[in-house]
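No experiment lies behind these values; they were computed from the predicted model shown. The figures that follow rest on heavy atoms only: side chains count, while hydrogens, waters and symmetry mates do not.
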Amino acid sequence: MPIQVQNPFIREIASIVGPRQVLTNDRDTKFYRTGTRVGGGAATAVILPNTLMQLWKTLEVCVAHDKIIIMQAANTGITGGSTPNGDNYDRDLVIINTLKIDRLILLDNGIQVIAFAGCTLYQLEKELDPLNRGPHSVIGSSCIGASIIGGVCNNSGGNLVNRGPAYTELSLYAQLTNDNRLELVNHLEIDLGETPEEIIANLQDVNFATRNLPVSTKLASDSKYKNRVRNIESDTPSRFNADKRRLYESSGCAGKLAVFAVRLDTFEKSKKERVFYIGTNNPDQLTMLRKKILSNFSRLPDMGEYMHRSYFDASDKYCKDTFLFIKYFGTSFLPKLFNLKAKIDGLLCRLPFIPDNVSDKILQACAKLWPNHVPKRLRDYRDRFEHHLMIVASDSVIEETETLLKTHFKDPAFGEYFKCNISEGEAAKLHRFVAGGALARYKIMNADQSGGLLPLDIALPRNCDNWHDILPKEILDQLIASFRLSHFFCMVVHWDFVLKKGVNEIEIKNRILKILDEHGAKYPAEHNVGHLYEAEVDLANFYRELDPTNSFNPGIGKTSMKKHYI
């Protein structure tokens with residue numbers, strides 16, 4: 001669509017990134033302005049730079065014209081933290097989407113990487129696979145299609161308990177000072193020059209040694225997390241967004257900085273892997289199992305993913321198309337699919353007789369025609385057991401896990417387990433990881449019967465035993481649907497609720513959060529406060545320190561939207 005050439009700001013930006021990379025029409029910008037589950041608002045423009053240098057020049061122009069800046073990559077966040085929140089800002093707002101800036105640089109043969117602003121976990125997994133190494137996180141641990149830097153900025157991941165949540169103290173970012181000066185800060189601990197232009201050019205051109213780098217004292221992963229999660233007597237959560245121990249520059253910044261690149265550790269892949277699938281109708285059995293593993297194992301399993309029957313069914317029904325696309329086309333196909341969906345919806349929404357979200361409805365209908373995609377033994381456990389736990393163990397932990405499970409479930413009344421073959425294991429993991437898309441699809445397919453959505457991302461204390469029985473019946477009675485799953489070893493729980501029509505969303509949310517406060521919970525755990533949660537004092541102060549003018553992502557965590565937080 002033609003851009004607003006008469007607008008001096010738009011004209012200046014177009015001269016940097018090219019006219020086709022500046023979107024101003026409401027229809028063209030809708031995908032970028034609308035959250036995956038919640039949130040949305042107006043934007044003067046969506047800007048799509050192709051290089052780090054274009055990103056820097058774009059930021060300079062935005063600052064000169066006093067624009068609000070929302071940095072965005074894959075736009076997969078579930079709390080509205082990478083889109084506008086309404087139209088009540090005090091300045092014009094622009095979205096800078098960085099997905100085209102997707103360079104990945106391997107350091108010391110892949111022991112570490114430098115990921116540019118738009119790199120995704122798909123890319124990282126693909127690049128590391130031939131080197132027998134893996135990333136800090138895997139697809140679906142937070143959300144399908146996530147960017148690497150988005151994960152770092154939002155404290156995401158952590159289901160891989162031996163690797164920890166996304167975290168680094170080594171990054172390159174732009175920051176606005178209190179007197180409105182834009183500065184480029186190079187904390188990659190690699191000498192790239194002095195001026196912003198030198199630093200960016202040398203990084204883009206890889207004009208530095210990528211081997212035998214000086215040893216850094218700064219962390220490029222949360223190396224202490226695997227010990228922290230073992231403290232099952234602690235009355236505090238293992239990880240949460242407002243945890244001061246893991247708020248550091250780009251890590252946890254929630255878009256209050258413009259992050260150009262991050263330097264991260266990678267991890268050696270295991271030689272063998274085995275998936276164990278557990279079913280029980282007594283959740284206390286899973287609590288006992290968790291305590292035994294965290295207390296006694298010499299090394300922890302790679303994953304422990306809990307899924308209630310409700311989410312098993314939701315994933316089965318509403319995420320079947322995503323499951324099939326990944327299974328048959330691979331994860332790299334998903335960004336193309338999401339882009340195609342956005343274009344189809346954008347074109348068809350012009351026609352008055354076409355319903356909203358038509359692509360989702362078509363995919364849902366097509367998926368129904370496909371034969372059963374869930375392996376027989378998993379389906380059997382769904383019918384017999386309410387509570388499911390998937391443990392992924394590797395190398396020496398495989399035998400340790402199987403020995404414990406044989407002993408623990410000697411009496412079938414406590415529950416049962418089976419050792420997945422390769423295809424069952426892949427299906428079990430994929431079924432769990434695509435589940436995050438179920439809530440949004442449920443809402444689309446049941447819009448007439450559904451009230452508001454309430455996705456809750458909760459970090460329970462490490463000593464919490466009643467994780468399955470916290471909310472009272474009078475709360476549950478106000479829900480039309482309730483989906484539950486968790487990263488079980490670290491007690492990070494995802495409760496996704498669909499309210500009955502007429503139920504006051506704010507009131508019910510406040511009642512739930514009050515109950516969680518009484519249990520010592522923290523929220524959110526790993527998906528950013530976005531515009532759903534109020535930032536705790538420490539987190540709000542962190543945002544102010546990073547962005548004193550409140551020009552980047554204002555209003556995040558229910559903070560002020562006004563310039564200088566007035």
- Message: Quick check: closest heavy atoms across Glu505 and Gly452, and the distance to 0.1 Å?
- Response: OE1-CA, 3.7 Å
- Does Arg382 offer a backbone N or O that forms a donor-acceptor pair with the side chain of Arg309 under 3.5 Å? yes
- Item | Minimal non-hydrogen separation, Cys464 against Ile470, with atom names | SG-CD1, 4.4 Å
- Is there a donor-acceptor pair under 3.5 Å between the side chain of Tyr311 and the backbone N or O of Trp495? no
- Close side-chain approach of Ile475 and Ile508, heavy atoms under 4.5 Å: yes
- What are the two closest non-hydrogen atoms of His136 and Leu121, and how far apart are they? CE1-CD2, 4.0 Å
- In terms of heavy-atom contacts, does NZ of Lys269 have more than 12 from other residues, nucleotides or ligands at under 6.0 Å? yes
- Is there a side-chain contact between Pro135 and Leu128, using heavy atoms and a 4.5 Å cut-off? yes
- Query: Is there a donor in the side chain of Asn553 and an acceptor in the side chain of Tyr543, or the other way round, less than 3.5 Å apart?
  - Reply: no
- Evaluate the side-chain proximity of Pro524 to Thr79: yes if any heavy-atom separation is below 4.5 Å, no if none is. no
- Side-chain contact, heavy-atom cut-off 4.5 Å: Thr120 with Leu99? yes
- Is there a donor-acceptor pair under 3.5 Å between the side chain of Gln285 and the backbone N or O of Gly279? no
- Close side-chain approach of Gln72 and Asn97, heavy atoms under 4.5 Å: yes
- Item | Exam field: side chain Asn85 to backbone Gly39, donor-acceptor pair closer than 3.5 Å | no
- Query: Side-chain contact, heavy-atom cut-off 4.5 Å: Phe297 with Leu404?
  - Reply: yes
- Message: Would you say Asp302 and Ser394 are linked by a side-chain donor-acceptor pair, where the criterion is simply a distance under 3.5 Å?
- Response: yes
- Looking at residues at least two apart in the chain, or sitting in another chain, which of them share a ring pair (Phe, Tyr, Trp, His ring centres under 6.0 Å) with His431? Phe312
- Message: Students often mix this up, so state it plainly: with edges at 30° and 60°, are the rings of Tyr533 and Tyr523 parallel, tilted or perpendicular?
- Response: tilted
- Message: Taking ring pair (Phe, Tyr, Trp, His ring centres under 6.0 Å) as the definition, give me every residue that meets it alongside Phe488, ordered by chain and number, with sequence neighbours left out.
- Response: Trp467
- Message: Any heavy-atom pair between the side chains of Asp284 and His468 that's under 4.5 Å?
- Response: yes
- Heavy atoms from other residues, nucleotides or ligands near NZ of Lys406 exceed 12 (cutoff 6.0 Å): no
- Point-to-point distance, once rounded to the nearest 0.5 Å, from CD1 of Ile391 to CD1 of Ile278: 3.5 Å
- Task: Drop me the distance from Arg33's CZ to Ser82's OG, to the nearest 0.5 angstrom.
- Result: 13.5 Å
- Item | Least distance between heavy atoms, Ala459 atom then Arg239 atom | CB-O, 3.2 Å
- Task: Please identify each residue that fulfils side-chain contact (heavy atoms from CB on, under 4.5 Å) with Thr559, with sequence neighbours left out.
- Result: Ala540, Ile556
- Message: The test is side chain to side chain contact (heavy atoms under 4.5 Å, CB included); show your working for Gln478 and Glu507 and say whether it passes.
- Response: CA-CA 11 Å; Gln478 300 189 61; Glu507 181 182 323; 6.0 Å; no
- Message: Please check this pair: side chain of Thr168 against backbone of Leu264, looking for a donor-acceptor N/O pair closer than 3.5 Å.
- Response: no
- State, to 0.1 Å, how close Leu294 and Val229 come at their nearest heavy-atom pair, and which atoms those are. CD1-O, 3.6 Å
- Kindly write out the residues that satisfy salt bridge (charged side-chain N to carboxylate O under 4.0 Å, His left out) with Glu400, not counting sequence neighbours, or none if the list is empty. none
- Please round to the nearest 0.5 Å and tell me the distance separating atom CG of Leu160 and atom CG of Leu300. 12.0 Å
Only distances under 3.5 Å count here; give the side-chain donor-acceptor pairs of residues 365-374 to other protein atoms, sequence neighbours excluded, each with its distance to 0.1 Å.
| residue | atom | partner | partner atom | Å |
| --- | --- | --- | --- | --- |
| Asn372 | OD1 | Val374 | N | 3.2 |
| Asn372 | OD1 | Arg379 | NH2 | 2.3 |
| Asn372 | ND2 | Val374 | O | 3.1 |

- Query: Donor-acceptor pair, Ser310 side chain versus Ser482 backbone, under 3.5 Å?
  - Reply: yes
- Query: Taking Ser450 for the side chain and Lys443 for the main chain, is one N or O donor matched with an acceptor at less than 3.5 Å?
  - Reply: no
- Query: Counting only heavy atoms not in Ile506, do more than 12 fall under 6.0 Å of its CD1?
  - Reply: no
- What pairs with Arg228 under salt bridge (charged side-chain N to carboxylate O under 4.0 Å, His left out), at least two apart in sequence or on another chain? Asp243
- Task: With the side chain counted from C-beta on, respond yes when Glu305 and Leu485 share a heavy-atom pair under 4.5 Å apart, and no when they do not.
- Result: no
- Query: Under 3.5 Å, is there a donor-acceptor pair between the side chain of Asn357 and the main chain of Arg441?
  - Reply: no
- Query: Taking only residues two or more places apart in sequence or in another chain, which ones pass ring pair (Phe, Tyr, Trp, His ring centres under 6.0 Å) with His308?
  - Reply: His387
- So salt bridge (Lys or Arg N to Asp or Glu O under 4.0 Å) across residues 407-431, not counting sequence neighbours, yields Glu273-Lys429, Arg377-Glu424, Arg384-Glu416, Glu402-Lys419, Glu426-Lys429
- Reported CG-to-CG distance for the pair Leu454 and Leu499, which is rounded to 0.5 angstrom: 5.5 Å
- Are side-chain N/O atoms of Asn155 and Asn241 paired as donor and acceptor at under 3.5 Å? yes
- So how far is it from Leu324 CG to Leu363 CG, rounded to the nearest 0.5 Å? 10.5 Å
- Query: Counting distance only, does the side-chain N/O of Asp457 pair as donor-acceptor with the main-chain N or O of Ala525 below 3.5 Å?
  - Reply: yes
- Which value, rounded to the nearest 0.5 Å, describes the distance between His408 atom NE2 and Tyr417 atom OH? 12.0 Å
- Listed by chain and number, what are the side-chain contact (heavy atoms from CB on, under 4.5 Å) partners of Ser234, not counting sequence neighbours? Asn231, Thr236, Arg462
- Item | Set of residues satisfying salt bridge (charged side-chain N to carboxylate O under 4.0 Å, His left out) with respect to Arg246, sequence neighbours excluded | Asp222
- Decide if atom NZ of Lys224 counts as having more than 12 heavy atoms of other residues, nucleotides or ligands within a radius under 6.0 Å. no
- Item | Residue list, side-chain contact (heavy atoms from CB on, under 4.5 Å) with Phe329, at least two apart or on another chain | Phe325, Phe333
- Query: In terms of heavy-atom contacts, does CD of Gln449 have more than 12 from other residues, nucleotides or ligands at under 6.0 Å?
  - Reply: yes
- Query: Run the ring-ring contact (aromatic ring centres under 6.0 Å, His included) check on Tyr225 and Tyr167 step by step: do they pass?
  - Reply: CA-CA 11 Å; Tyr225 181 73; Tyr167 180 76; over 10 Å; no
- Item | Whether Ser156 side chain and Glu526 backbone form a donor-acceptor pair below 3.5 Å | yes
- State which residues pass side-chain contact (heavy atoms from CB on, under 4.5 Å) with Ala115; sequence neighbours excluded, sorted by chain then number. Leu104, Cys119, Ile148, Val262
- Here the pair of heavy atoms bringing Val161 nearest to Pro301 is CG2-O, 3.1 Å
